[in-house]
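The basis for the numbers below is simple: all heavy atoms, side chains too, and nothing from hydrogens, waters or symmetry mates. So that the names make sense, note that chain A is the first sequence line, chain B the second, and so on, each numbered from 1.
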Amino acid sequence: MKSLLFLLVGVFFGIVLFKSEAASWFRIYEMFQFDALYMYGIIGSALVLGVLFTRWVKKSGVRSFFGEKITIRPKEKGVVRYAVGGTLFGLGWALAGACPGPMYVLAGAGYWPILVVIFGALLGAFAYGLLKKVLPH
Amino acid sequence: MEALYSPWPWYVSGPLIALTMAVLVLMGKRFGMSSNLETLCSLSGAGKFTDYFRVDIRPRRWNLLVIMGAVLGGFIGANFLSPDDQVAISDHSIEKLNLLGFKSAGEAYLPLELFSAEALSAPLVWGILLMGGFLVGFGARYAGGCTSGHAISGLSDLQLPSLIAVIGFFAGGLVMVHVLFPLIF
């Protein structure tokens, strides 16, 4: 039952990403060219509501649908991993035009070459796992 | 119905993305897509190479279901909700892309110069897609999150690490598009 709910959340999210065009390589290019406010509108409006929602969850102490306590874990402190990892991610995001959500959406939409991107992303995650101990964080 | 079949405007899509996060949080989970890459590595036997991937994947199963759903959502969005999936980016972007050789700008959902069967006959395109994916996967895990985990969830919680990561996302993206694109394409 719970599994079905998660699957449905994913279906909803996938449709939103496709129809919003946030899964379009072209929209990502346009965003980094500052040629339109479109992507900034998507991220900005999601963020305003996200901030309000997160504050509400923390202040009200609301419980999950299943009655569990909700904990929003703060991110680990650090600078290097976020600055360097973030920059590498940005380089890839602009080149492939897809981040780790839209990749799956595009696979479902039938753009088969995205499977090469997904394979690359898996190799990248694997490489990070191998190198984690020697990388500065 | 017309509105459903047209591209959804940002002021509808943004709030719906926030809603996705809200539902996941209210289900006791979090909104973050890139950790699935690690789970998929674990499932593919990456634990043979390093302990990092030798983890119990059962607590992460829910997130795999979310991305399985996203695949299905992409199928539905593309096949049943988009009679016309051309992305009407700005004329400025179309001009710049035409100069780089992207003739499909403004006429497709993804550039056919990278994402079509014909495009894959060029080894360079394979290299570009593989490299782009690699950077996304490596960068997201190094930074501990991607657009969903940092730009939406993390910033929503006013986390400084997420702000640093998002500044990095933009620094990298700007360098790629403005400095490296003219060299690559």
What do you reckon, are the aromatic ring centroids of Phe126(A) and Phe49(B) less than 6.0 Å apart? yes
Heavy-atom pair with the smallest gap, counting every atom of Leu100(B) and Phe181(B): CD1-CD2, 4.0 Å
Determine all donor-acceptor pairs shorter than 3.5 Å in which one atom belongs to a side chain in residues 127-136 of chain A; sequence neighbours excluded.
from      : atom 1 : to        : atom 2 : distance (Å)
Tyr128(A) : OH     : His137(A) : NE2    : 2.7

Among Ile17(B), Asp51(B), Ile67(B), which residue has the highest count of heavy-atom pairs closer than 4.5 Å to chain A? Ile67(B)
Is it the backbone or the side chain of Val62(A) that comes under 4.5 Å from a heavy atom of chain B, or both, or neither? side chain
Okay, Leu64(B) and chain A: the region with an atom under 4.5 Å from a heavy atom over there is neither
Heavy-atom pairs under 4.5 Å with chain A, option from Asp157(B), Ile76(B), Ile152(B) with the top count: Asp157(B)
Could you check whether Trp62(B) and Phe6(A) have their ring centres less than 6.0 Å apart? yes
For Phe31(B), is it the side chain, the backbone, both, or neither that has a heavy atom closer than 4.5 Å to a heavy atom of chain A? side chain
Validation row, ring centre Tyr40(A) to ring centre Trp10(B) under 6.0 Å: no
Any chance the side chains of Lys19(A) and Ser13(B) put a donor and an acceptor closer than 3.5 Å? no
Let me know if Glu68(A) has heavy atoms under 4.5 Å from chain B in its side chain, its backbone, both or neither. side chain
Partner residues of Arg63(A) under the side chain to side chain contact (heavy atoms under 4.5 Å, CB included) criterion, sequence neighbours left out: Lys69(A)
Are there residues of residues 40-47 of chain B that reach to under 4.5 Å of chain A by heavy atoms, and which ones? Leu40(B), Cys41(B), Ala46(B)
Quick one: are the ring centres of Tyr82(A) and His150(B) less than 6.0 Å apart? yes
Trp93(A) versus chain B, heavy atoms under 4.5 Å apart: side chain, backbone, both or neither? both
Hey, can you pull the donor-acceptor pairs under 3.5 Å for the side chains in residues 110-132 of chain B, sequence neighbours left out?
from      : atom 1 : to        : atom 2 : distance (Å)
Glu113(B) : OE1    : Ser104(B) : OG     : 2.6
Glu113(B) : OE2    : Lys103(B) : N      : 2.7
Glu113(B) : OE2    : Ser104(B) : N      : 3.1
Ser116(B) : OG     : Leu112(B) : O      : 2.6
Ser116(B) : OG     : Ala119(B) : N      : 3.3
Ser121(B) : OG     : Glu118(B) : O      : 2.5
Trp126(B) : NE1    : Leu120(B) : O      : 2.6

At a heavy-atom separation under 4.5 Å, does Phe65(A) approach chain B through its side chain, its backbone, both, or neither? both
Chain B heavy atoms under 4.5 Å from Ile114(A): which part of the residue, side chain, backbone, both or neither? both
Taking side chain as everything from C-beta outward and backbone as N, CA, C, O, which of these in Phe12(A) sits under 4.5 Å from a heavy atom of chain B? Side chain, backbone, both or neither. side chain
Measure distances from Ala98(A) to the heavy atoms of chain B and classify the residue's part below 4.5 Å as side chain, backbone, both or neither. backbone
Examine Phe102(B) together with Trp25(A) and report whether their ring centres are nearer than 6.0 Å. yes
For each of Gly14(A), Ser64(A), Pro113(A), tally heavy-atom pairs with chain B at distances under 4.5 Å, and name the one with the top tally. Pro113(A)
Under 4.5 Å heavy-atom distance to chain B, tell me which part of Leu106(A) shows up: side chain, backbone, both or neither. side chain
Heavy-atom cut-off 4.5 Å, strictly under: side chain, backbone, both or neither for Thr147(B) against chain A? both
Is chain A contacted by the side chain of Glu95(B), its backbone, both, or neither, given a heavy-atom distance below 4.5 Å? neither
Report the option among Val12(B), Leu72(B), Leu16(B) that has the most heavy-atom pairs separated by less than 4.5 Å from atoms of chain A. Leu16(B)
Side chain, backbone, both or neither: which part of Tyr111(A) has a heavy atom under 4.5 Å from chain B? side chain
